[in-house]
Amino acid sequence: MTGERKIRVLIAKPGLDGHDRGAKVVARALRDAGMEVIYTGIRQTPQMIAEAALQEDVDAVGLSILSGAHLTLFPRVAELLRQQGQGDILIFGGGIIPEEDVPRLEQAGVSKVFGPGTTTSEIIQFVRENVRVP
């Protein structure tokens with residue numbers, strides 16, 4: 001055993017979006033890749049997500065959305081994480097997000113947005129390359 005701890009990732013579905021198949025696929029892929037994954041379920045508020053990230057001491061937060069509220073919900077999660085002193089947490093997102101919205105999300109603190117057709121191996125590689133564990 002190397003003694004290096006596993007990457008901890010919170011996967012969340014902000015807003016009223018009730019479709020979570022993609023989030024569950026990503027959560028399982030990250031877990032199968034050796035990460036510790038906490039899946040919060042559907043219909044989470046930004047406050048609930050930020051609080052769960054704090055309580056679970058995660059390294060990354062993955063947000064999934066299909067409802068179109070990404071320009072409101074993703075930046076709010078990032079803002080709340082910064083307010084809690086967790087501005088170093090890697091935030092990534094996915095779902096149905098227009099390309100023209102990606103720069104605004106990146107400016108708000110979302111490091112990467114994955115669209116339809118992204119492979120789970122791409123997401124795993126991104127998380128591994130961008131999270132530093134002690």
Please assess I11 against V26 for the test side chain to side chain contact (heavy atoms under 4.5 Å, CB included), listing each intermediate value before the final yes or no. CA-CA 8 Å; I11 300 293; V26 170; 4.1 Å; yes
Other ILVMFWY residues reachable from L54 by side-chain steps of under 4.5 Å: none
For K6, enumerate each residue passing the salt bridge (Lys or Arg N to Asp or Glu O under 4.0 Å) test, keeping only those at least two apart in sequence or located in another chain. none
Residue pairs passing the ring-ring contact (aromatic ring centres under 6.0 Å, His included) test where at least one lies in residues 107-132, sequence neighbours excluded: F114-F126
Salt bridge (charged side-chain N to carboxylate O under 4.0 Å, His left out): pairs with one or both residues in residues 88-97, sequence neighbours excluded: none
For A108 and A78, work out which heavy atoms get closest and say how close. O-CB, 3.3 Å
Heavy-atom side-chain proximity of L30 to Y39 below 4.5 angstrom: no
Check which hydrophobic residues are tied to I91 through side-chain heavy-atom contacts below 4.5 Å, counting indirect links as well, and list them. L10, I38, I49, V58, V61, L63, I65, L71, L73, F74, V77, L81, I89, I97, V102, L105, V110, V113
Could you give all pairs that pass the side chain to side chain donor-acceptor pair (under 3.5 Å) test and reach residues 94-114, with sequence neighbours left out? H70-D101
Is there a path of hydrophobic side-chain contacts, each under 4.5 Å between heavy atoms, that joins I7 and I124? yes
Can you list every side chain to side chain donor-acceptor pair (under 3.5 Å) pair that touches residues 78-87, not counting sequence neighbours? R76-E79, E79-Q83, Q84-Q86
For residues 57-68, which residue pairs qualify under salt bridge (charged side-chain N to carboxylate O under 4.0 Å, His left out), counting only residues two or more places apart or in two chains? R5-D59
Within residues 115-132 or reaching into it, pairs that qualify as side chain to side chain donor-acceptor pair (under 3.5 Å) - sequence neighbours excluded: T119-S121, T119-E122, Q125-E129
According to side-chain contact (heavy atoms from CB on, under 4.5 Å), who are the partners of T45, at least two apart in sequence or on a separate chain? Q47, M48
Counting only N and O atoms by type, is there a donor-acceptor contact under 3.5 Å from the side chain of K13 to the main-chain atoms of H19? yes
For Q55, side-chain hydrogen bond (donor to acceptor under 3.5 Å, both in side chains) partners two or more places apart: E51
Does V133 share a hydrophobic cluster with V127, counting links as ILVMFWY side-chain heavy atoms below 4.5 Å and allowing steps through other members? yes
Enumerate the salt bridge (charged side-chain N to carboxylate O under 4.0 Å, His left out) contacts for residues 36-47, please, sequence neighbours excluded, ordered by first and then second residue. R8-E36
Heavy-atom closest pair, residues S67 and D17: N-OD2, 3.8 Å
Report yes if the side chains of I96 and P116 come closer than 4.5 Å at any heavy-atom pair, otherwise no. yes
